[in-house]
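Inspection log for the structure reproduced underneath, given as structure tokens.
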Amino acid sequence: MRGLSSAIVLMLLCSPLAGCVDEEEQIVEDEEGPSNQAPIAQIQYSAYPVLTGQDLDIDGSGSSDPDGQELAFTWFIDDLELSSNPTLTHSFTYPGEYTVTLVVSDGEESGSATAQVIASDPVGPECPTGDKELGIEPGGFENFVTREGDRLYDGEYPFRFIGFNIPSLTMLDDHYPDDVELTGWHTPNTWEQKDLVTSASQMGGNVIRTYVISVGVMEDGEPDGPIRHVMQPGELTEDLFVAVDEALAAAREQCVRLIIPLVDQHPYWGGLANYARFSIPKAELSHLNWSEKQDHWNDSFWSDMDVREDFWITIKEILNRVNTVTGVKYRDDPTILAWETGNELNASEEWNEWTTDIAQRIKNEDPNHLIIDGRYGIVQAGLDDPNIDIVSDHYYKKNESDANWPVDICEDYGILHGSDGDECVEYGNEGGEDRKVFFIGEFGYANPEGMSDMMDYIIENEGIAGAMIWQLKGHYREGGFYWGDAGEIYNGEGDVWPVRSYHWPGFDTGDDYHEATIVWMMREKAFEIRGMEPPPIEPPDPPTILDWDHNPSFVWRGSAGASNYTLERSECADDCEWIVAASGFHDSEFANTAEVTDEDVDSGTYYYRMIARNSGGDSSPSNVVGPITPR
């Protein structure tokens with residue numbers, strides 16, 4: 001039923017018993033008075049796709065009788081009589097094409113209307129075993145994600161998602177808790193990227209929101225700070241963009257889409273002020289203190305056309321970059337769900353023209369991809385802009401007892417419905433062609449009950465495309481997990497505890513912020529919003545022992561989805577019996593490391609290996625190391 005220009009399908013048929021009357025044709029009355037005219041049946045229902053397992057409301061109350069007589073209603077689906085009410089609510093169990101018939105009668109004459117309804121399973125196409133475009137790797141996509149009104153589609157299938165923000169998919173920062181040795185700013189390697197995408201996919205995620213394209217500056221020929229994705233207008237730092245290439249390739253392989261914000265309001269990754277510094281160097285603002293310089297650069301990003309051109313030629317270069325792994329231009333890659341104009345950008349009305357201009361330029365250069373308004377919150381200018389496809393907001397609750405997200409969300413809905421945002425407006429699932437797609441770009445910091453309520457609210461309201469929690473981090477290539485300091489939670493009783501990034505599949509070191517409960521709940525909700533039952537957990541891949549000493553202690557690189565590990569020892573490398581040396585330990589005990597020691601070994605010479613475990617079973621054994629003689 002897609003592609004209809006109206007949000008309501010209207011089926012109006014002339015009664016076969018009465019015929020259709022020409023304008024010139026006269027109604028002939030016999031001597032006994034006017035003849036009884038047949039009633040006219042009319043069917044209305046939503047133009048959005050009909051999905052199996054979901055109620056479809058079909059309305060026949062618009063039917064009428066020319067003589068004003070009371071009507072009796074009879075509904076049929078194919079040959080099965082279902083209801084005698086003016087409306088019909090029906091759920092199709094199986095996909096297929098069905099004939100819906102309404103017969104209305106005034107007791108003497110009758111009329112009927114029919115409609116063909118195509119019911120589809122809500123689950124989108126499966127991830128293929130061979131790349132659709134390249135024919136070499138698994139994964140790939142048949143379609144770009146498209147928008148119709150306030151809904152997203154993957155071809156004919158509705159496209160919805162619950163997933164994670166994963167900044168470290170393209171860049172690793174040094175934002176760690178206290179007492180953690182910093183790894184410094186660096187790009188992830190391909191193993192770390194695949195570990196992240198695999199973790200997100202195991203949790204049902206079909207979308208990842210990365211962080212921004214970072215931007216730095218040069219002063220006197222030297223970088224003023226870390227090397228960033230962009231160091232000069234229109235010039236992309238190759239090593240850093242190869243990591244973006246690899247991220248796209250890893251996501252493509254597992255049929256995960258990426259949302260990519262283009263610039264940050266904030267300076268942490270080198271924000272919009274750094275674009276202004278390309279044409280307005282520090283020396284020109286020597287009369288200002290540092291805070292005043294930042295304000296000047298921030299304002300110039302929006303208002304100075306030279307700065308805007310520097311930004312645009314850079315974005316144009318990104319859109320036309322050819323991926324060094326897949327050979328596909330970014331603008332031609334359906335792995336990218338959408339470009340976001342920025343992260344938490346200033347929503348002031350005086351900068352509306354910037355968004356209008358940049359959105360139009362991006363859409364002209366890259367008509368394949370959707371555009372997200374990156375302003376912090378929903379503004380009317382974004383709803384009115386024909387080049388903006390999606391709007392979003394970010395929701396955080398730092399008090400554990402006050403995670404009332406649905407109220408915040410439905411107040412934002414009020415803006416979508418034309419109110420001032422101060423009242424809660426419930427969202428109707430009938431949709432609207434003149435609305436934008438809405439999704440939750442970031443949310444986090446709260447108890448599982450609040451998060452569950454929020455995700456249930458999102459799933460029930462089909463006009464919300466999805467939601468992205470902040471944030472997931474993956475394994476470190478040298479052992480353990482990366483950790484990220486995400487803030488604090490207050491429980492309303494004076495207790496405060498830190499919130500770190502989430503790790504899959506959740507560990508006891510995250511009990512303070514309900515890590516395991518939340519990531520497993522995320523998995524359940526992520527599959528539910530896609531119309532799927534969570535599949536069985538599969539055993540993890542084998543871990544890798546990276547280093548060892550003669551204590552004997554071992555450093556290992558873990559496996560996506562592994563909840564714990566077992567260390568085994570043997571007196572020979574091949575055909576001897578393996579016995580358990582240690583078990584039940586995990587690799588999220590400390591940040592950026594994973595180490596285990598065989599505490600009970602006797603003197604002798606031994607070989608060691610490791611097994612990863614989860615609820616789906618045991619991995620194959622790791623590499624074997626040795627011989628090791630304990631000291």
Side-chain angles (χ1 to χ4, degrees), residues 144-145 147 152 154 159-173 175 188 193 196-201 203-214 229 243-244 246-248 250-252 254-266 268-269 271 318 330 333-345 362 369-378 388-396 409 436-445 451 454-455 458 464-474 482 484 486 501-502 504 518-519 522 525-526 529-530:
F144 290 90
V145 174
R147 174 175 79 93
L152 297 178
D154 177 0
F159 186 83
R160 302 183 72 199
F161 52 90
I162 287 176
F164 275 93
N165 286 271
I166 308 183
S168 53
L169 187 62
T170 58
M171 175 71 82
L172 277 304
D173 57 31
H175 195 192
Q193 291 173 314
L196 277 166
V197 175
T198 299
S199 297
S201 180
M203 283 189 282
N206 54 343
V207 175
I208 290 170
R209 183 174 178 261
T210 69
Y211 205 51
V212 298
I213 303 296
S214 63
H229 291 95
V244 180
E246 295 280 4
L248 283 164
R252 178 194 193 104
Q254 299 201 46
C255 292
V256 175
R257 313 263 187 173
L258 301 187
I259 293 171
I260 303 179
L262 294 173
V263 67
D264 202 355
Q265 174 73 35
H266 314 295
Y268 186 48
W269 279 37
I318 293 169
Y330 284 16
D333 190 349
T335 309
I336 298 171
L337 167 60
W339 301 108
E340 189 170 5
T341 57
N343 174 64
E344 298 184 347
L345 297 180
I362 295 173
H369 288 108
L370 302 173
I371 299 177
I372 301 171
D373 188 347
R375 283 175 282 204
Y376 202 163
I378 299 171
I388 295 294
D389 298 292
I390 304 172
V391 296
S392 74
D393 205 351
H394 298 176
Y395 303 89
Y396 289 102
I409 295 171
K436 304 294 186 183
V437 173
F438 174 69
F439 86 107
I440 285 78
E442 295 179 18
F443 72 99
Y445 305 148
M451 298 183 78
M454 180 188 190
M455 286 185 278
I458 292 166
I464 306 179
M468 313 297 293
I469 194 173
W470 185 272
Q471 63 167 311
L472 182 74
K473 283 189 178 267
Y482 290 103
S501 51
Y502 295 98
W504 171 248
I518 286 172
V519 296
M522 288 285 292
K525 304 300 184 183
I529 200 171
R530 298 168 63 187

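Residue indices begin at 1 and follow the sequence shown.
Nearest heavy-atom pair across Ser168 and Pro188 is O-CG, 3.4 Å. Nearest heavy-atom pair across Gly204 and Arg530 is O-NH1, 2.8 Å. Taking all atoms of both residues into account, the shortest heavy-atom contact from Gly466 to Ile529 is CA-CD1, 4.5 Å. Contact detail for Ala250 and Val197: the closest heavy-atom pair is O-CG1, 3.7 Å. Here the closest heavy-atom approach between residue Ile469 and residue Met522 is recorded as CG2-CE, 3.4 Å.
Atoms CD1 and CD1, on Ile162 and Ile458 in that order, are 5.5 Å from each other to the nearest 0.5 Å. Separation of atoms OH (Tyr502) and OG (Ser199) is listed at 15.5 Å; rounding is to 0.5 Å. The distance from atom OG of Ser392 to atom CZ of Phe438, rounded to the nearest 0.5 Å, is 7.5 Å. Summarising the geometry, atom CD1 belonging to Ile213 is positioned 6.0 Å from atom CD1 belonging to Ile260; distances are rounded to the nearest 0.5 Å. Expressed to the nearest 0.5 Å, how far CD1 of Ile166 lies from CG of Leu196 amounts to 5.5 Å. Note that CD1 of Ile388 is 10.5 Å distant from CG of Leu370, once rounded to the nearest 0.5 Å.
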Exercise for the section: Begin with the C-alpha distance, continue with both residues' side-chain angles, and end with the deciding distance and a verdict on side chain to side chain contact (heavy atoms under 4.5 Å, CB included) for Tyr330 and Leu248. Expected result: CA-CA 9 Å; Tyr330 284 16; Leu248 283 164; 3.6 Å; yes
Problem - Steps toward side chain to side chain contact (heavy atoms under 4.5 Å, CB included) verdict (Met454, Phe443) - result: CA-CA 10 Å; Met454 180 188 190; Phe443 72 99; 3.5 Å; yes
Practice task
Just do the side chain to side chain contact (heavy atoms under 4.5 Å, CB included) check on Met451 and Ile518 with the steps written out, would you?
Solution key: CA-CA 8 Å; Met451 298 183 78; Ile518 286 172; 3.4 Å; yes
Exercise for the section: In sequence, state the C-alpha distance, the side-chain angles, and the governing distance for Leu169 and Gln193, and then conclude on side chain to side chain contact (heavy atoms under 4.5 Å, CB included). Expected result: CA-CA 6 Å; Leu169 187 62; Gln193 291 173 314; 4.1 Å; yes
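Between Val519 and Met203 the shortest side-chain heavy-atom distance falls below 4.5 Å. Residues Pro167 and Thr210 are not in side-chain contact: their nearest non-hydrogen atoms beyond the backbone lie 4.5 Å or more apart. Val212 has its side chain out of reach of Val263: every pair of non-hydrogen atoms, C-beta onward, lies at least 4.5 Å apart.
Among residues two or more places apart in sequence or in another chain, the side-chain contact (heavy atoms from CB on, under 4.5 Å) test is passed with Ala251 by Val256, Leu258, Thr335. With sequence neighbours left out, the salt bridge (charged side-chain N to carboxylate O under 4.0 Å, His left out) criterion links Glu246 to no other residue. By the side-chain hydrogen bond (donor to acceptor under 3.5 Å, both in side chains) test, Gln265 pairs with no residue at all, sequence neighbours left out. A search for salt bridge (charged side-chain N to carboxylate O under 4.0 Å, His left out) contacts involving Glu442 returns Arg209, not counting sequence neighbours. Taking the side-chain contact (heavy atoms from CB on, under 4.5 Å) definition, one finds that Phe159 meets it with Val145, Leu152, Asp154, Phe161, Asn206, Val207, Arg257, Leu337, sequence neighbours left out. Every residue meeting the side-chain hydrogen bond (donor to acceptor under 3.5 Å, both in side chains) condition with Thr198, not counting sequence neighbours, appears here in chain and number order: Gln254. Thr341 meets the side-chain contact (heavy atoms from CB on, under 4.5 Å) test with Leu345, Trp354, Ile371, Asp373; sequence neighbours excluded. Under the side-chain hydrogen bond (donor to acceptor under 3.5 Å, both in side chains) criterion, Ser214 pairs with His229, not counting sequence neighbours. A search for side-chain hydrogen bond (donor to acceptor under 3.5 Å, both in side chains) contacts involving Trp269 returns nothing, not counting sequence neighbours. Evaluation of the side-chain contact (heavy atoms from CB on, under 4.5 Å) rule for Asp393 yields Tyr376, Tyr395, Asp412 as partners, not counting sequence neighbours.
Residue pairs that meet the salt bridge (charged side-chain N to carboxylate O under 4.0 Å, His left out) test with at least one member in residues 160-170, sequence neighbours left out, do not exist here.
Residues Tyr211 and Asn343 have side chains that bring a donor and an acceptor to within less than 3.5 angstrom of each other.
The main-chain N or O of Phe144 is never found under 3.5 Å from a side-chain atom of His369 such that the two would form a donor-acceptor pair.
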